[in-house]
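Presented below is the structure to which this report refers.
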Amino acid sequence: MHCDPRFSRVREVFEQHFADGEELGAAFAVYQDGELVVDLWDGVADRNTGRPWERDTPAFAYSCTKAVTATVLLQLAERGLVDVSAPVADVWPEFAARGKGAITVEHLLTHQSGLPVLEEPVPVEEFEDQAAIAARLAGQEPLWEPGTAHGYHALTYGFLVGEVVRRVTGKSVGELVAAEIAGPLGLEMWVGAPDDVISRTARLKAAERPQGLKVTEAGAGPDASGAAPNGQGRPDDVLAAMTKAALDPQSLMNRALGNPAMHRVQGGANNPIILRAGWPAAGLVTTARGLAGFYRSLAAGDILSPGTLREATRTRVNGPDRVLLLDTAFGLGYMRPSLTFLMPAASAFGHSGMGGSIGLGDPERGLGIAYVMNKMANALSGNLRGIRLVEAVYQSI
């Protein structure tokens, strides 16, 4: 392990989490101005076998994937292959069905398309057929007028954006990540992991769910809530609304988070089917060092031009989220500081993932930061481990 003395507070927080029993296995990495200043890991990667967490142990990072997928599409936009402001149907004609002709690529990236759920259950046989899942979405009608509201497209985001990428390039997001980002930069990250990576990936331990509230893929969860779903009101109003939604199988929250249903395969996200599928909304397998290196390279202008990144991280939507019922804020696929992405600086951008994983960059401070773990957090105790670590980084600079 490595920790620059300037960041000793970060190591203290990391070790305290293990001492307090909050972790099973975890890793945390920080780049500052291109230098790896923090590279910590500890615990076990598999509690059943006792396999230790090692320097190169990757973990499934759920929705941290979305920022990587957005970056792939933005690379295509820089090359003139995709117009973010143009209708999706320009490159995917079938998508225009059922009143979706005016939906733009930007609407997909900002969760405004009105397609947060797949209406019909996706069979396990289609889990590795992203084009088939995308075709299902092409046949659906938006749940709200596109562009008038936003709601977290927890899983559909990836099938929608991924299909645009496939239509333009003939390749999947995972293939382009390997060829254009991870490979050239030497990053330990995969959207769709090969068998040798799957064999050493950390095994997730399910969250202990608080009574009356299911685990969600919101960033910090209700710990951080300060507004009701209408943007006004008390935190307990938000908690009550989220609890009601979590207990309702037909709520947008449950429908968005639960289809395709990972739990339909043995072991859920630990199953090779899921790890190999490379869903572009929740399919990233990465080490903390790999994900932090991704944001290091983004902040340095090595993946996107500084101008493209500034435009992509400009907040496009901010406020009540129709799916999560908390305020969320997004640029073009990147989370911006909000109740679901609690950051110490307004210049930070990135994406969190269910259970606690976080990846973020801060160009103003030259930072790339990532946290991955295998002990999933529930919505109430949420992602405070990662948030504490991020806060310790900012306190150290």
List the steps, then state whether side chain to side chain contact (heavy atoms under 4.5 Å, CB included) holds for Gln112 with Val317. CA-CA 9 Å; Gln112 294 186 86; Val317 294; 3.4 Å; yes
Below 4.5 Å, heavy atoms only, C-beta onward: do Met1 and Arg55 meet side chain to side chain? no
Co-membership, hydrophobic cluster, residues Trp41 and Leu284, 4.5 Å side-chain: yes
Decide if atom CD of Glu145 counts as having more than 12 heavy atoms of other residues, nucleotides or ligands within a radius under 6.0 Å. no
Please list, one pair per line, the donor and acceptor atoms closer than 3.5 Å that link side chains of residues 153-162 to other protein atoms, with sequence neighbours excluded.
unit_1, atom_1, unit_2, atom_2, d
His153, ND1, Gly151, O, 2.5
His153, NE2, Ser113, OG, 3.0
His153, NE2, Leu115, N, 3.0
Thr156, OG1, Leu115, O, 2.7
Tyr157, OH, Lys66, O, 3.0

Side chains of Asn374 and Thr57: does their closest heavy-atom pair fall under 4.5 Å? no
When rounded to the nearest 0.5 Å, the distance separating CG of Leu108 from CG of Leu73 is 8.5 Å
Taking the side chain as C-beta and beyond, is there a heavy-atom pair between Ile369 and Phe28 under 4.5 Å? yes
Looking at Arg136 and Glu120, is there a salt bridge between them, counting it only when a charged N and a carboxylate O are closer than 4.0 Å? no
Any chance you could measure Cys3, atom SG, to Arg11, atom CZ, to the nearest 0.5 Å? 6.5 Å
Any Thr104 side-chain heavy atom under 4.5 Å of Ser85 side chain: no
How are the rings of Trp92 and Phe95 set to each other: parallel, tilted or perpendicular (split at 30° and 60°)? tilted
Can you tell me how far the CG atom of Leu176 sits from the OG1 atom of Thr169, to the nearest 0.5 Å? 4.5 Å
Ser63-Tyr152 side chain donor-acceptor pair, cut-off 3.5 Å: yes
So Thr286 and Phe294, do their side chains get closer than 4.5 Å, heavy atoms only? no
Assess the residue pair Ser352 and Thr340 against the criterion (side chain to side chain contact (heavy atoms under 4.5 Å, CB included)); give the C-alpha distance rounded to whole Å, side-chain angles, the decisive distance to 0.1 Å, and a yes or no. CA-CA 8 Å; Ser352 57; Thr340 50; over 6 Å; no
Linked, directly or transitively: Leu36 and Ile397 (ILVMFWY side chains, under 4.5 Å): no
Any salt bridge between Glu35 and Arg296, counting N to O under 4.0 Å? no
Pro116 and Arg322, any side-chain heavy atoms less than 4.5 Å apart: no
Side chain to side chain contact (heavy atoms under 4.5 Å, CB included) test vs Val13 passes for just one of Gln16, His17, Glu15, namely His17
Does the pair Glu391/Arg388 count as a salt bridge with the N-to-O cut at 4.0 Å? no
State plainly whether one hydrophobic cluster holds both Met376 and Leu24, where clusters connect Ile, Leu, Val, Met, Phe, Trp and Tyr through side-chain heavy atoms under 4.5 angstrom apart. no
Salt bridge between Arg167 and Glu94, side-chain N to carboxylate O under 4.0 Å? yes
Smallest heavy-atom separation, Ser396 atom then Arg9 atom, equals OG-CB, 4.1 Å
Are a donor atom and an acceptor atom from the side chains of Asp327 and Ser338 found within less than 3.5 Å of each other? no
For Glu78 and Ser305, does a side-chain donor sit closer than 3.5 Å to a side-chain acceptor? yes
Please examine the side chains of Val390 and Met343, heavy atoms only from C-beta on, and report whether any two atoms are closer than 4.5 Å. yes
Please check if Leu185 and Val177 belong to a single hydrophobic cluster, counting links between Ile, Leu, Val, Met, Phe, Trp and Tyr side chain heavy atoms closer than 4.5 Å. yes
Hydrogens and angles aside, do Thr328 and His150 bring a side-chain donor and acceptor to less than 3.5 Å of each other? yes
How close do Asn270 and Ala202 get, counting heavy atoms only, and between which atoms? OD1-O, 4.1 Å
Identified ring pair (Phe, Tyr, Trp, His ring centres under 6.0 Å) counterpart of Tyr295 within the set Tyr334, Tyr31, Phe349: Phe349
Shortest non-hydrogen contact between Gly114 and Trp144, atoms and distance: CA-CE2, 3.4 Å
Indicate yes or no: does Lys171 engage Glu180 in a salt bridge with an N to O separation below 4.0 Å. no
Working for side chain to side chain contact (heavy atoms under 4.5 Å, CB included), residues Phe330 and His351: CA-CA 10 Å; Phe330 294 96; His351 218 290; 4.1 Å; yes
Indicate if Val44 and Phe14 have the same hydrophobic cluster label, given that clusters are the connected sets of ILVMFWY residues with side-chain heavy-atom separations under 4.5 angstrom. no
Do the side chains of Arg200 and Glu54 get close enough for a salt bridge, i.e. N-O under 4.0 angstrom? no
Hey, are the side chains of Arg365 and Gln32 touching, using non-hydrogen atoms and a 4.5 Å cut-off? no
Determine, step by step, whether Leu74 and Ile303 satisfy the side chain to side chain contact (heavy atoms under 4.5 Å, CB included) criterion, reporting the C-alpha distance in whole Å, the side-chain angles of both residues, the deciding distance to 0.1 Å, and the verdict. CA-CA 10 Å; Leu74 292 167; Ile303 301 177; over 6 Å; no
What I want to find out is whether Glu311 reaches Arg316 closely enough, with some N-O distance under 4.0 Å, to be called a salt bridge. yes
Starting at CD1 of Ile387, measure out to OH of Tyr371 and round the result to the nearest 0.5 Å. 10.5 Å
For Ile198 against Pro272, the heavy-atom pair lying closest together: CD1-O, 4.1 Å
